[in-house]
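One-based numbering along the sequence shown. Everything numeric here is computed off the predicted structure, so don't read it as measured data.
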Amino acid sequence: MRRLPVFFLIDVSESMVGEPIRNVHNGIQMIMGNLKSNPMALESVYVSVIVFAGKAKTLVPLKYILDFELPELPVGGGTALGNAMDFLMDEIKKQVQKTTTDMKGDWKPIVFLLTDGAPTDQCTSAIKRWKLEFKGKATLITIAMAETVDLDILREFTDNVLQFKGTNSKDYKDFFQWISASIETTSKNIISGMEEEINTLHIDNALIEIDNKEKNSSFETDEKFTILLSRCQKIKKLYLIKYEKQNTGNYEYEGSYSVSEDYFELTEGHEQKVQSDKLFGMPFCPYCKSSFWGMCVCGKVLCLKAEDPYNTCPWCGQTCSYQVGIFNVNKAQG
């Protein structure tokens, strides 16, 4: 049986933590539910999910849709798009069957790249490799999930550059419904002997904007979020403190989110700093519910016990006295 391989390359950098990553997870689940109930898709569609932040990894290898199960999406530090594209190309080479003298190989793979930030690595070699080895042999559709995405870089990889303009759960649902319908129609077309290219169906322009190369890129150098990596002093578990940038240039507290230790598997890059007086709001620890945080002399962030000026760092084990003040704190790459 000739397979239609579909790869989802998903940005799981820290800026996606919270509602965005939950919406993406639910969207992939919805796509799979739709495909599993479609007779044409059942004949051909295989799906893989690759996630990336500072590093990339295969979350689900290329699987028949009835065997597909999606684990929770992880979170990592950084947005290494060049590395992620190299990882994707290696996976396509390993998993997609080529045509031989004895049998026909898989249909042309389809890749949906979802990203919400500018790359934190160099993409030049990955762009060159994609053009030399994969352009015309795979269809890449890139979707900018935020206004701060560097569209110029995405254009270097493909002409299929889209801007997602949704703001709520319904918008995400409609967006993933569009992806599902496009895959289902493509599956039907190739089985019926029609053209092999993906059929990207019409979608409301208020939700998806097709990139116009004549206009300037919407990329902005200012970061939309500042995110701190912290540990709970009581049980030593990791969590992220997320602040969103305001028109004033300061950052307002958006939420705290628990993350597992596999955060470090996807993280690579240098820490940056932000001045503590730029951060507003009372962040709470999702484990012990403390609404105070501080930075140890080791440079790591931890939640604090308000009733005790002496706190023990869950990172390095030092016990220190913490005082109110303005300081530069290490932040994640976002």
Side-chain angles (χ1 to χ4, degrees), residues 4-13 15-38 41 45 47-53 59-60 65 68 70-75 79 81 84 88 109-118 139-151 153-155 157-189 197-212 215 217-219 224-225 244 254:
L4 174 60
V6 179
F7 291 85
F8 288 96
L9 182 59
I10 301 174
D11 178 352
V12 293
S13 55
S15 54
M16 288 286 288
V17 74
E19 196 68 20
I21 207 164
R22 283 195 296 270
N23 284 329
V24 171
H25 183 273
N26 293 340
I28 300 295
Q29 293 282 55
M30 184 186 72
I31 289 173
M32 297 310 301
N34 291 343
L35 294 177
K36 289 176 182 180
S37 63
N38 184 297
V45 178
V47 175
S48 173
V49 174
I50 298 169
V51 294
F52 74 97
L59 198 63
V60 183
I65 52 179
F68 183 98
L70 181 67
E72 289 299 315
L73 297 178
V75 176
T79 310
L81 178 60
L88 166 73
I110 302 166
V111 179
F112 292 95
L113 164 62
L114 280 65
T115 182
D116 80 330
T139 301
L140 174 62
I141 299 171
T142 61
I143 301 115
M145 303 299 288
E147 293 182 355
T148 51
V149 173
D150 188 348
L151 297 182
I153 292 293
L154 300 186
R155 293 185 194 115
F157 282 104
T158 179
D159 294 330
N160 301 314
V161 179
L162 307 175
Q163 176 85 56
F164 175 64
K165 299 187 289 182
T167 59
N168 54 51
S169 296
K170 182 183 182 302
D171 290 340
Y172 275 91
K173 183 177 180 180
D174 291 344
F175 165 64
F176 283 102
Q177 188 66 52
W178 168 77
I179 292 179
S180 177
S182 298
I183 295 171
E184 291 176 60
T185 302
T186 302
S187 175
K188 178 182 177 180
N189 286 349
E197 292 294 331
I198 182 168
N199 190 321
T200 50
L201 304 177
H202 174 74
I203 192 169
D204 187 348
N205 289 336
L207 186 61
I208 287 287
E209 180 179 20
I210 299 175
D211 179 50
N212 180 359
K215 69 181 181 182
S217 170
S218 62
F219 171 61
K224 186 176 180 181
F225 299 103
E244 186 168 6
E254 190 263 2

_Are Val6 and Ser48 packed together at the side-chain level, in the sense that at least one heavy-atom pair is separated by less than 4.5 angstrom?_
no
*asked:* To the nearest 0.5 Å, what is the distance between CD1 on Ile183 and CG on Leu4?
replied: 8.0 Å
*Sidechain-backbone polar pair: Lys36 side chain, Phe68 backbone, donor-acceptor under 3.5 Å*: yes
_Rounded distance [0.5 Å steps], CD1 in Ile10 versus CG in Leu113_ = 9.5 Å
*Asn23 side, atom CG; Leu73 side, atom CG - distance, nearest 0.5 Å*: 11.0 Å
*Excluding sequence neighbours, so at least two apart, what forms side-chain hydrogen bond (donor to acceptor under 3.5 Å, both in side chains) with Lys173?*
none
*Check side-chain hydrogen bond (donor to acceptor under 3.5 Å, both in side chains) between Glu19 and all other residues, then give those that pass, not counting sequence neighbours.*
Arg22, Ser169
*Do any pairs count as a side chain to side chain donor-acceptor pair (under 3.5 Å) and have a residue in residues 24-33, sequence neighbours left out, and if so which ones?*
none
*Counting only heavy atoms not in Lys170, do more than 12 fall under 6.0 Å of its NZ?*
no
*Look at the side chain of Ser180 and the backbone N and O of Phe176, then say whether any donor-acceptor pair between them is shorter than 3.5 Å.*
no
*Listed partners of Thr115 passing side-chain hydrogen bond (donor to acceptor under 3.5 Å, both in side chains), at least two apart*: Asp11
*For Phe157, ring-ring contact (aromatic ring centres under 6.0 Å, His included) partners two or more places apart*: none
*Taking only residues two or more places apart in sequence, or in another chain, which ones meet Asp171 in a side-chain contact (heavy atoms from CB on, under 4.5 Å)?*
Phe164, Thr167, Asn168, Leu207
*Trace of the side-chain contact (heavy atoms from CB on, under 4.5 Å) decision for Ile50 with Leu59*: CA-CA 5 Å; Ile50 298 169; Leu59 198 63; over 6 Å; no
_For Asn34, is there any backbone N or O sitting under 3.5 Å from a side-chain donor or acceptor partner on Ser37?_
yes
*Considering non-hydrogen atoms only, spot the tightest contact between Ser15 and Asp116 and give its length.*
OG-OD2, 2.8 Å
*For Phe8, check ring-ring contact (aromatic ring centres under 6.0 Å, His included) against everything at least two apart and list the hits.*
Phe112
*asked:* Please check this pair: side chain of Asn38 against backbone of Glu184, looking for a donor-acceptor N/O pair closer than 3.5 Å.
replied: no
*With a 4.5 Å limit on heavy-atom distance, are the side chains of Ile143 and Gln163 in contact?*
no
*Indicate yes or no: at least one non-hydrogen side-chain atom of Phe52 is less than 4.5 angstrom from one of Ser13.*
no
*asked:* Determine whether Leu140 and Asn160 satisfy the following criterion, side-chain contact (heavy atoms from CB on, under 4.5 Å), listing intermediate values before the conclusion.
replied: CA-CA 7 Å; Leu140 174 62; Asn160 301 314; 5.8 Å; no
*Distance in Å, Glu244 CD paired with Lys224 NZ, rounded so as to fall on 0.5 Å steps*: 5.0 Å
*Distance from Ile65 atom CD1 to Ile31 atom CD1, nearest 0.5 Å?*
11.5 Å
*Could you go through the side-chain contact (heavy atoms from CB on, under 4.5 Å) check for Leu151 and Thr142 one step at a time?*
CA-CA 9 Å; Leu151 297 182; Thr142 61; over 6 Å; no
*Can you check whether Leu70 reaches Met32 side chain to side chain, under 4.5 Å on heavy atoms?*
no
*For the student: nearest non-hydrogen atoms of Val51 and Pro74, plus distance*: CG2-CG, 4.0 Å
*Do the side chains of Thr158 and Ile141 get nearer than 4.5 Å, heavy atoms only?*
no
*Distance in Å, Ile179 CD1 paired with Asp174 CG, rounded so as to fall on 0.5 Å steps*: 12.0 Å
*Using a 4.5 Å cut-off on heavy atoms from C-beta on, say whether the side chain of Ser182 contacts that of Ile110.*
no
*asked:* Holding to side-chain hydrogen bond (donor to acceptor under 3.5 Å, both in side chains), I want the full list of residues that pass it with Glu254, two or more places apart in sequence or in another chain.
replied: Tyr257
*Please report the shortest heavy-atom distance between Ala118 and Thr79, naming the atom on each side.*
O-CB, 3.6 Å
*Just wondering, do Phe175 and Met145 contact through their side chains at under 4.5 Å, heavy atoms?*
yes
*asked:* So Pro109 and Thr139, do their side chains get closer than 4.5 Å, heavy atoms only?
replied: no
